[in-house]
Amino acid sequence: MATAMRSTIPGIPPEAQALFDELHDAPAKPLADLRAELAEYTAKIAAKEPRNEMLDASVGKGLSQACSAMLDMVEAGADEATRRLVQAAVRYFVVEDDVEPDLDSLWGLDDDAAVCNAIARHLGRDDLVVAVS
């Protein structure tokens, strides 16, 4: 049933769907672990940005903030379906080698933003949508 639900979420790029599904179906991780992964990856982006003019740090920062806010939703008592969607979105962001390598490409965070934005919209949180130029 969860597979049908996640496959109908508009905005997830077709090329990102398989990895998203894999992350969605993975065993649930503790929120503290997801937060630690998010903090570590955010720091990695911040450290790389001054040396890489192709990396848009504002997108990375926006995605980090959006993911953190979605984790707050889960912590506040979201249902299991929401928890799995949020986990998949956060883990998709922190996986560097997804559709487009995050830290070495001009478009590296575009697919991450598309996935996170699709989940934010699906959860009724348009305020968490990150603009990508």
For Gln87, which residues count as a side chain to side chain donor-acceptor pair (under 3.5 Å) partner, sequence neighbours excluded? none

Counting N and O atoms only, with roles assigned by atom type, does the side chain of [X] sit under 3.5 Å from a partner on the main chain of [Y], one being a donor and the other an acceptor?
X      : Y      : result
Asp33  : Lys29  : no
Arg121 : Asp126 : no
Thr82  : Ala78  : no
Arg91  : Glu37  : no

What pair of heavy atoms forms the shortest contact from [X] to [Y], and how long is it?
X      : Y      : answer
Val129 : Asn117 : CA-OD1, 3.3 Å
Val115 : Pro13  : CG2-CD, 4.1 Å
Ala89  : Met70  : CB-CE, 4.3 Å
Ala113 : Val132 : CB-CG2, 3.3 Å
Ser64  : Thr42  : OG-OG1, 2.8 Å
Ala69  : Leu128 : CB-CD2, 3.6 Å

Interatomic spacing from NE2 in His24 to CD in Gln17 - rounded to 0.5 Å: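 Answer for the NE2-CD pair, His24 versus Gln17, is 10.0 Å.
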
How long is the span from the SG atom in Cys116 to the CD1 atom in Ile12, to the nearest 0.5 Å? 10.0 Å

Result of checking Val94, Val90, Val95 against Tyr41 for side chain to side chain contact (heavy atoms under 4.5 Å, CB included):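 Passing option: Val94.
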
NZ/NE/NH1/NH2 to OD/OE distance under 4.0 Å, Glu40 and Lys44: no

Quick one: are Leu85 and Phe20 in side-chain contact, heavy atoms under 4.5 Å? yes

Under 4.5 Å between side-chain heavy atoms, hopping through other hydrophobics if needed: is there a path connecting Leu23 to Ile9? yes

Test log, rule side-chain contact (heavy atoms from CB on, under 4.5 Å), inputs Arg83 and Leu31: CA-CA 10 Å; Arg83 186 186 202 301; Leu31 290 177; 4.1 Å; yes

With side-chain contact (heavy atoms from CB on, under 4.5 Å) as the test, would you mind laying out the steps for Asp111 and Phe93 before giving the verdict? CA-CA 9 Å; Asp111 59 305; Phe93 173 49; over 6 Å; no

Tell me the salt bridge (Lys or Arg N to Asp or Glu O under 4.0 Å) pairs involving residues 65-78, sequence neighbours left out?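 For residues 65-78, and leaving out neighbouring residues, the salt bridge (Lys or Arg N to Asp or Glu O under 4.0 Å) pairs sorted by first residue read Arg35-Asp72, Arg35-Glu75.
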
Set of salt bridge (charged side-chain N to carboxylate O under 4.0 Å, His left out) partners for Asp79, sequence neighbours left out: none

